[in-house]
Amino acid sequence: MSAILEGTPDKRLALVTGRAYPELAAEVAKYMGIDVLETTAYDFANGEMYVRYTEPVRGADAFVLQCHTDPINKWIMEQLIMIDAMKRASARSITVVAPFLGYSRQDKKHLGREPITARLIFDLFRAAGADRMITIDLHAAQEQGFFDGPVDHLTATPVLLDYVRNNVPMDRATIVSPDAGRIKVSEQWAAKLGNLPLAFIHKTRDTTRPNHATAHGIIGEVQGRDCVVVDDMIDTAGTICEAVRTLREAGAASVTLVATHGLLSGPAVERLRNCGAREIIVTNTVPVPESKRLPNMTVLSVAPLLAAGIRSVFESRSVMHLLEGLPNDMRPRNMYA
């Protein structure tokens, strides 16, 4: 297979990847019927990075894929260097593909003298030479306005919904929003799963303590119900495990956790192991190594979603149809990551 996908008229697609999670890029390329363009990349002794593409990319529509995983600052910097290399190699257009966008949760100021790092990240990519961005399930959809260019904001909901619909009992299910900020997404889930009942957990967050929130109560009926908690990410799992505890104390029959980004930092795995959740469902927007996987954890692949999004952008077609599901030719050959 070629590493360049020919288009019409006179369009070429080049997919490149950083070193954070090349397996995902290889899977995306497989769905698209191309190869990942080979890249030479290494670290200098002092930690600086070097990147060079081994084939010409002049005039190509380049898609630079990098997963913002641990160590997150290194991989963001590598992606910035890759964009700069693409720009100086005369790529026709450069699209950043960041399945999970680092720093996106810091999208507003809670206290004085705080940064808005979500805006900073978008500015850095734009300054490096990016023309466009593709990402999945931002912490807040309005962050798209931070980028001075098009942002294709994909959602993993179709991938997650297909699995939940077929693997979680629906006859006594209730969709639960873990906080007020996720109510709109939870409403969409409830509607797509047959107008299921909806509940949400009222909680407050201590801005002086990272990854810490306290649940105060539940609005909605959860007693005897199979609760499905829908969130955007699981980082240290403190707040999501608090949600499980709150729901179980309120009489929930079972609790299933669903999140797009399984960051699973620090004590997350141990907390999830002991929280009493029926199942934990995440995607591979960041790598989830075997050492972090639990017997009741399911990791779904976003490769077909990314492949469909990249193809739509390359062919100048809308990505809105991906909100309803994947195209037939992008249906997962293996839905698990």
Side-chain angles (χ1 to χ4, degrees), residues 20-21 23-24 67-75 99-106 136-137 139 156 159-160 163-164 167-168 175-179 181-182 186 199-218 222 225-302 336-337:
Y21 190 16
E23 296 84 359
L24 178 60
C67 291
H68 296 175
T69 186
D70 185 51
I72 188 169
N73 297 323
K74 175 177 179 175
W75 299 134
F100 165 68
L101 185 67
Y103 290 91
S104 64
R105 80 185 87 177
Q106 300 180 55
I136 300 176
D137 286 335
H139 188 62
V159 176
L160 294 165
Y163 179 85
V164 169
N167 293 275
V168 176
I175 303 300
V176 179
S177 172
D179 55 44
R182 300 293 293 175
S186 298
F200 85 89
I201 298 172
H202 174 235
K203 71 178 184 182
T204 56
R205 186 173 296 278
D206 185 348
T207 57
T208 66
R209 300 171 61 189
N211 304 101
H212 181 80
T214 302
H216 296 290
I218 300 170
V222 299
R225 309 287 297 183
D226 294 309
C227 294
V228 180
V229 181
V230 182
D231 210 348
D232 62 328
M233 72 174 73
I234 302 176
D235 190 1
T236 62
T239 56
I240 202 81
C241 289
E242 175 77 2
V244 176
R245 182 192 63 78
T246 303
L247 290 167
R248 297 304 295 267
E249 289 179 353
S254 71
V255 181
T256 299
L257 302 178
V258 182
T260 300
H261 310 296
L263 307 184
L264 307 182
S265 307
V269 173
E270 198 58 33
R271 286 173 173 174
L272 291 170
R273 190 193 313 275
N274 300 319
C275 75
R278 171 187 173 273
E279 187 175 6
I280 302 137
I281 306 162
V282 296
T283 75
N284 66 336
T285 54
V286 295
V288 183
E290 288 298 326
S291 61
K292 291 187 176 183
R293 300 194 182 198
L294 299 170
N296 63 337
M297 182 181 291
T298 300
V299 184
L300 304 176
S301 176
V302 293
Y336 302 103

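The shown structure was predicted, so the numbers you read here are calculated from the model rather than taken from an experiment.
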Considering the options N296, L300, N167, which one meets the side chain to side chain contact (heavy atoms under 4.5 Å, CB included) requirement together with I281? L300
Under the salt bridge (Lys or Arg N to Asp or Glu O under 4.0 Å) test, which residues partner R182, sequence neighbours left out? D231
Nearest 0.5 angstrom please: R278 CZ to L257 CG, how far? 11.0 Å
Between R225 and V176, is there a side-chain heavy-atom distance shorter than 4.5 Å? no
Contact between P99 and L24 at the side-chain level, heavy atoms closer than 4.5 Å - yes or no? yes
Any Lys/Arg nitrogen of R105 or D235 sitting under 4.0 Å from an Asp/Glu carboxylate oxygen of the other? yes
Can you name the side-chain hydrogen bond (donor to acceptor under 3.5 Å, both in side chains) partners of N73, sequence neighbours left out? Y103
Rounded at 0.5 Å granularity, tell me how far CE in M297 sits from CD1 in I234. 7.0 Å
Gap separating the SG atom of C67 from the CG atom of N284, nearest 0.5 angstrom: 7.5 Å
Quick one, V255 with V229, criterion side chain to side chain contact (heavy atoms under 4.5 Å, CB included). Give me CA distance, side-chain angles, the key distance, then yes/no. CA-CA 7 Å; V255 181; V229 181; 3.8 Å; yes
Shortest non-hydrogen pair, A199 vs V222, comes out as CB-CG1, 3.9 Å
Using side-chain heavy atoms (C-beta onward) and a distance below 4.5 Å, is L272 in contact with I240? yes
Report the residues that fulfil side-chain hydrogen bond (donor to acceptor under 3.5 Å, both in side chains) with E279, sequence neighbours left out, ordered by chain and then residue number. Y163, T298
Salt bridge (Lys or Arg N to Asp or Glu O under 4.0 Å) contacts in which one or both residues fall within residues 247-262, not counting sequence neighbours: R245-E249
Rounded to the nearest 0.5 Å, the SG atom of C241 sits from the CZ atom of R273 at a distance of 11.5 Å
Nearest-0.5 Å distance, OG of residue S265 to CD1 of residue I72: 8.5 Å
For the backbone of T236 and the side chain of R271, can you confirm whether one donor and one acceptor N or O come within less than 3.5 Å of each other? yes
Side chain proximity check, L263 to V286, heavy atoms < 4.5 angstrom: yes
Pairs where residues 229-272 contributes a residue and the test ring pair (Phe, Tyr, Trp, His ring centres under 6.0 Å) is met, not counting sequence neighbours: F100-H261
What verdict does the side chain to side chain contact (heavy atoms under 4.5 Å, CB included) test give for D226 and T256, after you've listed the backbone C-alpha separation in whole Å, the side-chain angles of each residue and the deciding distance to 0.1 Å? CA-CA 8 Å; D226 294 309; T256 299; over 6 Å; no
Looking at residues at least two apart in the chain, or sitting in another chain, which of them share a side-chain hydrogen bond (donor to acceptor under 3.5 Å, both in side chains) with D137? T155, T260
